[in-house]
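A short worksheet on the structure shown next.
Model, not experiment: these values are computed from the prediction. Residue numbers start from 1 in every chain, and the chains themselves are labelled A, B, ... in the order their sequence lines are given, proteins ahead of strands.
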Amino acid sequence: MLDLKAIRERPQEFEKRLKSRDPHFSVNVVLGLDGRRRDLLQDVEKLKHQRNQASDEIAKLKSQKKDQEAQQRIQEMKAISDRIKSLDAELGHIETELNDLLVRLPNLPHESVPVSMNKADKRLVREFKAKPKFDFKPRHHLEVGEALGLLDFTRGARIAGARFPLYKGWGARLELGMIQFFWDFHFTETGYVPILPPYLGNSQSMFAAAQLPKFKDDVYYIEKDDLYLNPTAETLLCNLHRDEILDGADLPLKYMGFTACFRREAGAAGEEERGLIRMHQFNKVELFKFTDPESSFEELEGVVHDAEKVLQALDLHYQVQLLPTGDMAGQSAKTYDLEVWIPSQNRYYEVSSCSNCTDYQARRGNIRFRPGTDAKPEFVHTLNGSGLATSRIMVAILETNQQSDGSVVVPEVLRKYVGTDLLRPK
RNA sequence: GGAGGGAUGGCCGAGCGGUCGAAGGCGACGGUCUUGAAAACCGUUAGGUGAAAGCCUCGGGGGUUCGAAUCCCUCUCCCUCCGCCA
């Protein structure tokens, strides 16, 4: 959510910067509604002031036993009270309209973000290692996985449906091993506080994190209980301090959450995304920070580095991209993607998205901090980044570390968790 | 799932439908005293919106009323008991 007051004060700036990610945005529609709202508010507040004064008077008259006069005032106030009711109703309509508009506006992009609606206009920041070379044609991870008996999509589909994964044997150990490694790494090496949150969130939580109202069709919804399945732990961790005033001295707060993530992926399909690339359910360790406004962009660089360290430990080729305005999630002011190399497809896939959402989610969730003892509360900044999602990492490991005999070398850091250094064909 | 009880400021806890945005206590902050500290005493201490006056907020929403923390309806959460269950 954007600051309406700021829009009122700097309309040209908002018009320009919001158009860079939403070409249909018009600041005049917002300001028009806001103007009507403020006019009405003045009228209704004057009447309420009258009512409050009259209430006091009536109370006094009654205590002085001047019932006649009191009765007269009460009669007078009936008309004012009715007028307040009708104005309040009108005001309510305008506020609903204005609010519906505001909650759908994306965050203001940071100056450093490339301005373009074209997703291809991302900017390469840096890369790690060279692309792996093979003296044979690298096979698709489904082939590799099948030969090793790691995955069983047929039975996964029987149990739940298409695009639900089923890991088996060493595949299950590899999956869990990655999770444990990420979990340990971010606890001991990068210092995040581990959180195992609920996997379901209520609509308030979904709203604060900006999953609602825009992405209603992308999340699983349990109507009977009015609860949503976690699409990413960002959504859950964002609500850890909803409606709280944090102590400024405690910032930044660094959390990591491990959850399964559930996404409907309506409309997504395609040959390229066969296998583990895009699924309705996947596992992820998520990094999340609450910071003050001054240090949030610096802290974002930290999140990116923390996520990168995991990829480096796994010894995988990846690149860091700065996304353009048109490709960022609505809540984000600046986003870096980490993309890992997938040999069989000769392309990169996103394995981590690290964003600074500035005060956008904080406003929606009313998450504040007090800078000093007597200072007014201010909105925190929220940051998130995957650290990491496992499924595409498994793809990268299976494909990058495959050998001509069909075996796959387990990355060194995972061996103690997986329990073997080499996955051999059945 | 059933039956009952509750939700008030950072925390605890009062509050006959009428000067209640809310007593009192604790905590925190400032001061007096002290070489310093503690104790004692005095004072300050919710948030939102607004340039301000003001308006709004006693779990959320709705209603009754001239007027609601207080009455009614509804939802959420917490506690106790019963049932079921990993």
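Pairing of B:rG21, defined by two Watson-Crick or G-U wobble distances under 3.5 Å, is not identified with any nucleotide. In a base pair of the Watson-Crick type (N1 to N3 plus N6-O4 or O6-N4) or a G-U wobble (N1-O2 and O6-N3), with each distance short of 3.5 Å, B:rG4 is matched with B:rC79. In a base pair of the Watson-Crick type (N1 to N3 plus N6-O4 or O6-N4) or a G-U wobble (N1-O2 and O6-N3), with each distance short of 3.5 Å, B:rC85 is matched with no nucleotide. Under the Watson-Crick or G-U wobble criterion, with both distances below 3.5 Å, B:rA52 has no partner in any strand shown. Nucleotide B:rU44 forms a pair with B:rA28, judged by Watson-Crick or G-U wobble geometry with both contacts under 3.5 Å. Using the Watson-Crick or G-U wobble rule with both distances under 3.5 Å, B:rU34 pairs with nothing in any strand shown.
Atom name C1', nucleotides B:rU70 and B:rC81: the rounded distance is 29 Å, in whole Å. B:rC66 and B:rC20 have their P atoms separated by 23 Å, given to the nearest Å. The gap from the C1' atom of B:rU76 to that of B:rG62 amounts to 15 Å, rounded to the nearest Å. B:rA39 sits 12 Å from B:rC29 when the P atoms are compared, rounded to a whole Å. With P as the reference atom, B:rA14 and B:rC71 are 15 Å apart, rounded to whole Å. The same atom, P, is picked in B:rG48 and in B:rG9; the two are 16 Å apart, to the nearest Å. When the C1' atom is compared between B:rG60 and B:rA7, the two are found 12 Å apart, to the nearest whole Å. B:rA3 sits 42 Å from B:rG47 when the P atoms are compared, rounded to a whole Å.
The A:I58 side chain lies nearest to B:rC66 when the options are B:rC66, B:rG54, B:rG50. Here B:rC66 is the nucleotide among B:rU19, B:rC66, B:rU64 with the atom lying nearest to any side-chain atom of A:M77. Of the candidate nucleotides B:rG18, B:rG47, B:rG67, B:rG18 has the atom nearest to the side chain of A:K62. Taking every side-chain heavy atom of A:K5 into account, B:rA51 is the closest of B:rA51, B:rA53, B:rC66. Here the side chain of A:R8 is nearest to one of B:rG50, B:rC66, B:rU65, namely B:rG50. The listed nucleotides are B:rG48, B:rA51, B:rU19; the one nearest the side chain of A:R368 is B:rG48. Of the candidate nucleotides B:rU19, B:rG67, B:rG50, B:rU19 has the atom lying nearest to any side-chain atom of A:K60. Relative to the side chain of A:P377, the nucleotides B:rG50, B:rG48, B:rC56 differ in distance, and B:rG48 lies closest.
Mapping A:L41 and A:A54 onto RNA chain B by nearest heavy atom places A:A54 at the nucleotide closer to the 5' end. Take the nearest nucleotide of RNA chain B for A:K78 and for A:R37: the residue whose nucleotide is more 5' is A:R37.
Phosphate contact (OP1/OP2 of B:rC55, side-chain N/O of A:H49, threshold under 4.0 Å): present. At B:rG67, one or more side-chain N or O atoms of A:S81 fall inside 4.0 Å of OP1 or OP2 (strictly under the cut-off). Side-chain nitrogen and oxygen atoms of A:R38 include none within less than 4.0 Å of the OP1 or OP2 phosphate oxygen of B:rU49.
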(message) Please evaluate residues A:L174 and A:Y417 with respect to the criterion side chain to side chain contact (heavy atoms under 4.5 Å, CB included), reporting the C-alpha separation (whole Å), side-chain torsions for both, the decisive distance (0.1 Å), and the verdict.
(response) CA-CA 8 Å; A:L174 178 58; A:Y417 298 107; over 6 Å; no
(request) Could you check A:E76 against A:R73 for salt bridge (Lys or Arg N to Asp or Glu O under 4.0 Å), going step by step and ending with a plain yes or no? (result) CA-CA 5 Å; A:E76 287 167 21; A:R73 294 293 283 142; 2.4 Å; yes
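Using cut-offs of 30° and 60° for the angle between ring planes, the A:H280 and A:Y220 rings count as perpendicular.
Distance CG (A:D56) to C1' (B:rC66): 12 Å, rounded to an integer number of Å. Whole-Å rounding puts the A:D226 CG to B:rC75 C1' distance at 11 Å. Separating the CG atom of A:N202 from the P atom of B:rC75 is a distance of 17 Å, rounded to the nearest angstrom. Per the geometry, CZ belonging to A:R242 stands 21 Å off P belonging to B:rG47, to the nearest Å. Protein atom CG of A:N52 is 13 Å distant from nucleotide atom P of B:rA22, rounded to whole Å. Between the C1' atom of B:rG9 and the CD atom of A:E244 lies a distance of 16 Å, rounded to the nearest Å. When rounded to the nearest whole Å, the span between CG of A:D82 and C1' of B:rU65 equals 11 Å. One atom, CG of A:D88, and another, C1' of B:rG62, lie 14 Å apart when rounded to the nearest Å.
Ring centroids of A:H241 and A:Y255 are separated by less than 6.0 Å, placing the two rings close together. Here A:F290 and A:H381 keep their ring centres 6.0 angstrom or further from each other. A distance below 6.0 Å separates the ring centres of A:Y221 and A:Y228.
Ion pairing between a basic and an acidic side chain is recognised when a charged N comes within 4.0 Å of a carboxylate O; A:K334 and A:E111 show no such pairing. Remark: A:K309 engages A:D306 in a salt bridge, criterion side-chain N to carboxylate O under 4.0 Å.
Backbone-only engagement by A:K376 is indicated by non-hydrogen atom pairs under 4.0 Å involving sugar-phosphate atoms exclusively.
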